Amino acid sequence: QVQLVESGGGLVQAGGSLRLSCAASGRPFSSFAMGWFRQAPGKEREFVAAVTKSGGSTSYADSVRGRVTISRDNTKNTVYLQMASLKLEDTALYYCAASQLYMPTFRLGYNYWGQGTQVTVSS
């Protein structure tokens with residue numbers, strides 16, 4: 001029903017910046033609240049950021065607050081995650097997810113997931 005494709009990941013030096021994108025297709029993009037999660041090897045998938053359907057409100061994990069910005073462009077069916085001041089611990093596979101309700105940190109509330117894009121931060 002909804003397909004999500006992440007892009008923009010790569011290798012970046014600590015302190016650097018990166019912008020991830022998630023393109024959606026299928027159902028109307030504005031019907032979903034969107035979120036970003038990440039998972040490092042051997043770790044549980046964790047919440048990073050979320051944005052409401054209209055883009056009017058956002059939520060961030062304490063670990064990334066102040067360093068990342070989530071935004072969306074409903075005319076382009078795309079959600080973004082702008083990351084700055086990257087740290088080694090930010091290294092993970094980043095996933096884009098869609099939810100019919102705005103339940104930011106509730107992983108099980110997201111109905112659709114992308115395949116992930118790798119972000120690797122080097123020292």
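Side chains included, hydrogens not; waters and symmetry mates left out as well; all remaining heavy atoms used. All figures in this text were calculated on a predicted structure; none of them were measured in a lab. Count residues from 1 along the sequence.
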As a quick check of understanding, evaluate salt bridge (Lys or Arg N to Asp or Glu O under 4.0 Å) for Arg65 and Asp62, giving each step before the final call.
CA-CA 5 Å; Arg65 195 185 310 279; Asp62 290 341; 2.8 Å; yes

Using modelled atom types and a 3.5 Å cut-off, is there a donor and acceptor pairing between side-chain atoms of Ser59 and backbone atoms of Ala49?
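Not at all, since once roles are kept as given, no pair shorter than 3.5 Å links the two residues.
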
Where do Arg19 and Met83 land on the side-chain contact (heavy atoms from CB on, under 4.5 Å) test, with the steps shown first?
CA-CA 6 Å; Arg19 188 180 76 162; Met83 303 184 290; over 6 Å; no

Within-4.5 Å side-chain heavy-atom neighbours: [X] and [Y]:
X	Y	result
Gln82	Ser17	yes
Tyr80	Arg72	no
Trp36	Val79	yes
Thr78	Cys22	no
Met34	Tyr110	no
Val64	Arg38	yes
Leu18	Leu86	yes
Gln115	Val5	yes

Taking atom [atom1] of [X] and atom [atom2] of [Y], what is their separation to the nearest 0.5 Å?
X	Y	atom1	atom2	answer
Thr91	Lys43	OG1	NZ	10.5 Å
Glu46	Ser63	CD	OG	5.0 Å
Ser85	Arg67	OG	CZ	7.0 Å

Which is it for Ser99 and Tyr112 under the side-chain contact (heavy atoms from CB on, under 4.5 Å) test, yes or no, and what are the steps along the way?
CA-CA 7 Å; Ser99 175; Tyr112 306 98; over 6 Å; no

For Gln100, which residues count as a side chain to side chain contact (heavy atoms under 4.5 Å, CB included) partner, sequence neighbours excluded?
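Scan of Gln100 (side chain to side chain contact (heavy atoms under 4.5 Å, CB included), adjacent residues dropped) gives Arg27, Phe32, Asn111.
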
Hydrophobic clusters here meaning ILVMFWY residues chained together by side-chain heavy-atom distances under 4.5 Å, can you tell me if [X] and [Y] are in one?
X	Y	answer
Leu81	Leu93	no
Phe29	Tyr102	no
Leu4	Val51	yes
Val48	Leu108	no
Val2	Leu20	yes

Apply side-chain hydrogen bond (donor to acceptor under 3.5 Å, both in side chains) to Ser54 and list each qualifying residue two or more places apart in sequence or on a separate chain.
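Counting only residues at least two positions away or on another chain, Ser54 forms no side-chain hydrogen bond (donor to acceptor under 3.5 Å, both in side chains).
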
Taking side-chain hydrogen bond (donor to acceptor under 3.5 Å, both in side chains) as the test, write out the residues that go with Arg107, two or more places apart.
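Scan of Arg107 (side-chain hydrogen bond (donor to acceptor under 3.5 Å, both in side chains), adjacent residues dropped) gives none.
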
Please name the pair of heavy atoms, one in Ala40 and one in Ala92, separated by the smallest distance, quoted to 0.1 Å.
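Minimum heavy-atom contact is N-CB, 3.9 Å.
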
Audit row: Ser30, Asn74, side-chain contact (heavy atoms from CB on, under 4.5 Å) steps and yes/no:
CA-CA 6 Å; Ser30 60; Asn74 287 350; 3.8 Å; yes

So Leu11 and Ser122, side-chain contact (heavy atoms from CB on, under 4.5 Å) or not? Walk me through it.
CA-CA 7 Å; Leu11 177 65; Ser122 63; 4.1 Å; yes

Identified ring-ring contact (aromatic ring centres under 6.0 Å, His included) partner of Phe37 from the options Tyr95, Phe47, Phe106
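It is Phe47; the other options fail the test.
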
